[in-house]
Amino acid sequence: MNERSSYYLTTPIYYVNDIPHIGHAYTTIAADAMCRYKRMRGYDVFFLTGTDEHGQKIQQSAAAKGLTPRELADRTVVNFQELWKALDISNDDFIRTTEERHHRTVQAIFKKLMDQGDIYKGKYEGWYCVPCETYVPESAMGEDRTCPDCKRPLQMMEEESYFFKASKYTGMLLDYYRKNLKGVMPKSRYNEIVSFLEGGVRDQSISRTTLKWGIPVPGDDAHVVYVWFDALINYVTACGYLDDRVKFEKFWPEARHLVGKDIIRFHCVIWPIMLLALGVAPPVSVFAHGWWTVEGEKMSKSRGNVVDPFDMAARYGTDPFRYFLLREVPFGLDGDFSEAALVGRINSDLANDLGNLLNRTLQMVDNFFGGTLPPVEKAGPLEEEIARLADETLAEVDARMEDFAFDEALKAIWAFVSRGNKYIDETMPWTLAREEKGAELGVVLNTLYDVLRLSAMLLAPFMPGTAARMWDQLGLSGAPADMRYEDVKWGGREPGVKVRKGKVLFPRIDLAEWRKAREAESKAPAPAKEQPAIEHEPTVGIDAFRAIELRVAQIVEVGEIKKSKKLYRLTVDLGYERRTIVSGIKEFFTPEELLNKRIIVVVNLQPATLCGVESNGMLLAAGDGTHTALSLLTPDRDIPLGSRVS
Ligand code: MSP
């Protein structure tokens with residue numbers, strides 16, 4: 001058996017001083033689609049994401065919240081981890097820069113570079129931007145000595161610092177890029193980086209004495225390693241640079257980084273120079289994607305227009321959100337996010353094109369053949385043309401993915417889906433049925449079935465949940481994500497498969513209703529500054545509310561659930577009966593804090609099995625939406641257990 005090729009892809013590691021927004025979701029979704037795609041192409045994939053937890057920004061943010069940096073990091077990291085679950089991200093590892101494995105790797109690398117004379121001690125004086133944690137050269141400053149990136153005032157700082165001899169390796173990196181034209185992607189960024197390198201690179205200050213929250217410089221505790229020097233190293237920590245050389249030799253030569261356009265100098269200049277100094281090859285590619293604005297404006301907390309990816313996925317579905325981000329804008333360019341555009345894509349591409357093709361096809365298999373795909377007769381020229389398009393689509397998706405052109409790959413898939421819809425119009429299966437042309441009808445339905453089967457496979461990297469639902473409705477076993485491209489060939493369907501028409505994939509969003517709801521939301525009083533905007537659920541009638549049966553209960557037992565960091569198994573007493581509730585509140589309460597507490601429980605919720613334990617109800621709690629605080633709802637005075645809440 002051939003050894004499988006390796007593929008290593010990373011996202012940036014995200015700062016833990018902020019809650020996740022669409023910028024974070026964007027890179028991670030793109031990386032996920034690519035990794036899922038590569039797995040289906042037979043690669044042995046290592047997909048890494050994580051959090052950047054050291055440095056001044058985190059230290060300041062924590063102090064402002066009255067927390068230690070560690071506490072802040074521990075709380076915020078959960079937001080990212082939860083988001084990746086909500087967005088169906090299939091990362092193989094999650095690295096936190098506060099982990100011991102990383103600490104050791106950074107120190108070992110620092111020491112190696114120091115021992116070989118590439119790090120020296122000097123004095124650094126310069127204009128420093130605290131929020132961006134970077135010194136800004138005079139030539140790059142904005143008006144009135146402001147930071148060119150965040151526009152805030154710079155501070156003059158002088159400190160003893162360790163320097164990394166980046167200048168020594170500039171020529172070597174230029175040579176590397178001249179031979180590796182995809183070392184930086186897209187091409188415009190490649191040109192930008194090459195011309196920057198031609199201007200020369202200065203030695204880099206890589207330690208700080210002005211803060212404590214970082215990894216100490218080995219042998220000199222007065223200094224901590226500069227946060228970017230520390231952060232970049234995560235990419236080799238996680239793939240075993242220090243601890244697992246077999247893994248490192250396997251994945252590193254195939255490393256690629258996805259980053260936003262704002263951080264390419266760190267990734268395309270400093271990081272590869274660090275690697276060259278270590279005698280390690282730079283990554284195969286760094287791809288710099290564009291930035292999202294929101295309805296034409298820069299996204300910012302002060303404008304109150306930060307798009308919350310949890311919210312988008314909850315309102316519109318994880319897959320439509322993933323699809324929109326990857327389809328709407330070419331990956332290297334800036335784009336504009338608007339819910340109206342997202343709704344437009346849901347109605348046209350997802351409901352109309354894809355959803356309808358599935359629905360119509362399965363309906364016909366049901367109506368004309370009792371749900372069982374008939375045996376195929378000989379296909380004609382039209383079917384051969386579609387079979388050719390299937391091959392071309394596979395090749396096109398392949399080529400586009402190689403260039404991270406997710407939008408183009410999706411366009412190719414949609415051209416295929418649209419061909420399927422057009423084929424229905426051309427062949428008019430209802431007429432064939434009426435005229436009792438069973439053999440021809442069989443050919444048509446088999447062809448449509450194959451368009452859908454291949455589309456589900458092609459879509460699996462982008463919309464994993466949808467692909468799985470399609471797979472199921474097509475009556476196929478297994479999951480499309482577990483398929484290899486070679487396994488799903490045109491015409492390779494099982495004979496006599498029984499389809500299982502299910503719920504429509506994407507219900508159409510009624511635009512008039514949607515606009516009304518949006519207007520009502522926008523008329524609500526503006527939220528106070530710095531407060532996240534409150535987005536209410538649609539209004540419900542009193543009957544709908546009454547249908548939810550809420551009762552007072554008491555927690556009488558708190559149990560652990562094996563393998564779960566988040567869940568408790570609670571036994572609650574309702575006075576008239578006891579029942580088990582599984583609740584995701586473990587990170588917020590100790591068992592002692594919960595025991596004997598009186599709470600409010602939804603008693604008529606459909607049972608659900610979580611981590612193998614059946615939960616019969618749900619307790620009520622209030623959260624601040626950031627996953628950092630939770631408060632249980634309790635009755636304010638003594639009232640018998642089982643009392644109804646209304
Ligand atoms: N911690 C550093 C990265 C270290 S990697 C060794 C960092 N973190 S970050 O949390 O501030 O940002 C991470 C990513 O979010 C960057 O790639 C950035 O480009 C991206 N985005 C932030 N705002 C964005 C948009 N509005 N649109 C798209 N991406 C944006 O930088």
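Whatever order the structure lists ligands and atoms in, that order sets their numbers, starting from 1. In what follows, every heavy atom counts, from backbone to side chain, and hydrogens, waters and symmetry copies are set aside.
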(request) Let me know which of Arg189, Lys182, Arg256, Met185 forms a side chain to side chain contact (heavy atoms under 4.5 Å, CB included) with Phe287. (result) Met185
(message) Give the atom numbers and elements of ligand 1 that come within less than 4.0 Å of a heavy atom of Asp52.
(response) 1 (N), 2 (C), 4 (C)
(request) Return the residue, atom name and 0.1 Å-rounded distance of the protein heavy atom closest to atom 13 (C) of ligand 1. (result) Tyr14 CD2, 3.5 Å
(message) Quick test of your reading of the model: are Lys565 and Glu587 salt-bridged, counting only N-O distances below 4.0 Å?
(response) no
(message) Under 6.0 Å between ring centres: does that hold for Tyr162 and Phe110?
(response) yes
(message) Considering non-hydrogen atoms of the protein only, which is the closest contact for atom 5 (S) of ligand 1, and what is the distance?
(response) Tyr235 OH, 3.4 Å
(message) Among all protein heavy atoms in this structure, tell me which lies nearest to atom 8 (N) of ligand 1, with the distance rounded to 0.1 Å.
(response) Tyr15 CD1, 3.3 Å
(request) Indicate yes or no: does an N/O atom of Trp291 lie under 3.5 Å from an N/O atom of ligand 1? (result) yes
(request) Indicate yes or no: does an N/O atom of Asp262 lie under 3.5 Å from an N/O atom of ligand 1? (result) yes
(request) May I ask you to check whether Asn234 has an N/O atom sitting below 3.5 Å from an N/O atom of ligand 1? (result) no
(message) Does either side chain, that of Thr10 or that of His257, offer a donor lying less than 3.5 Å from an acceptor on the other one?
(response) yes
(request) May I ask you to identify the nearest protein heavy atom to atom 3 (C) of ligand 1, giving residue, atom name and distance to one decimal place in Å? (result) Ile13 O, 3.3 Å
(request) Could you please spell out the steps behind the ring-ring contact (aromatic ring centres under 6.0 Å, His included) verdict for Tyr235 and Tyr8? (result) CA-CA 10 Å; Tyr235 300 131; Tyr8 177 26; 7.7 Å; no
(request) Go through the steps for Ser161 and Glu159 under the test side-chain hydrogen bond (donor to acceptor under 3.5 Å, both in side chains), then give the verdict. (result) CA-CA 6 Å; Ser161 174; Glu159 58 178 320; over 6 Å; no
(message) Among Tyr226, Trp228, Phe229, Trp213, which residue satisfies the ring-ring contact (aromatic ring centres under 6.0 Å, His included) criterion with His54?
(response) Trp213
(request) Report yes or no: does a heavy atom of His21 sit under 4.0 Å from some atom of ligand 1? (result) yes
(message) Considering non-hydrogen atoms of the protein only, which is the closest contact for atom 17 (O) of ligand 1, and what is the distance?
(response) Gly260 N, 2.9 Å
(message) For atom 15 (O) of ligand 1, what is the closest protein heavy atom, and at what distance to 0.1 Å?
(response) His24 CD2, 4.0 Å
(message) I'd like the name of whichever of Trp228, Phe80, Phe337 reaches closest to atom 4 (C) of ligand 1 through any heavy atom.
(response) Trp228
(message) List ligand 1 atoms under 4.0 Å from Met299, heavy atoms only on the residue side.
(response) 26 (N)
(message) Less than 3.5 Å apart, any donor N or O on the side chain of Glu254 or Ser6 sitting next to an acceptor on the other?
(response) no
(message) My understanding is that we take every heavy atom of each candidate and find the minimum distance to atom 20 (C) of ligand 1. Doing that for Gly50, Gly23, Gly335, Ser300, which one comes out nearest?
(response) Gly23
(request) Enumerate the atoms of ligand 1 whose separation from the nearest heavy atom of Ala231 is less than 4.0 angstrom. (result) 6 (C)
(request) Would you mind telling me if ligand 1 is within reach of the side chain of Phe266, the backbone, both or neither, using heavy atoms under 4.0 Å? (result) neither
(message) Centroid separation under 6.0 Å, is that true for the rings of Phe310 and Phe321?
(response) no
(request) Give yes if a backbone or side-chain nitrogen or oxygen of His289 is under 3.5 Å from a nitrogen or oxygen of ligand 1, and no if not. (result) no
(message) Could you tell me if Tyr323 and Thr466 have a donor-acceptor pair between their side chains, going purely by distance under 3.5 Å?
(response) no
(message) Starting from atom 26 (N) of ligand 1, what is the nearest protein heavy atom, named by residue and atom, and what distance separates them?
(response) Trp292 O, 3.1 Å
(request) Select one of side chain, backbone, both or neither to describe which atoms of Ile263 lie under 4.0 Å from any atom of ligand 1, heavy atoms only. (result) side chain
(message) Given the ring of Tyr241, does Arg245 sit roughly above its face, with NZ or CZ under 6.0 Å from the centre of the six-membered ring and within 45° of the axis?
(response) yes
(request) Any atoms of ligand 1 less than 4.0 Å from a non-hydrogen atom of His267? List them with their elements. (result) 5 (S), 6 (C)
(message) Under a 4.0 Å threshold between the charged nitrogen and the carboxylate oxygen, would Glu198 count as salt-bridged to Arg178?
(response) yes
(request) Test Arg104 against every option in Glu100, Gln107, His102 by the side-chain hydrogen bond (donor to acceptor under 3.5 Å, both in side chains) rule and name the one that passes. (result) Glu100
(message) For ligand 1, which is the ligand I care about here, please tell me if Lys261 has any N or O atom under 3.5 Å from one of the ligand's N or O atoms.
(response) no
(request) Indicate yes or no: does an N/O atom of Gly290 lie under 3.5 Å from an N/O atom of ligand 1? (result) no
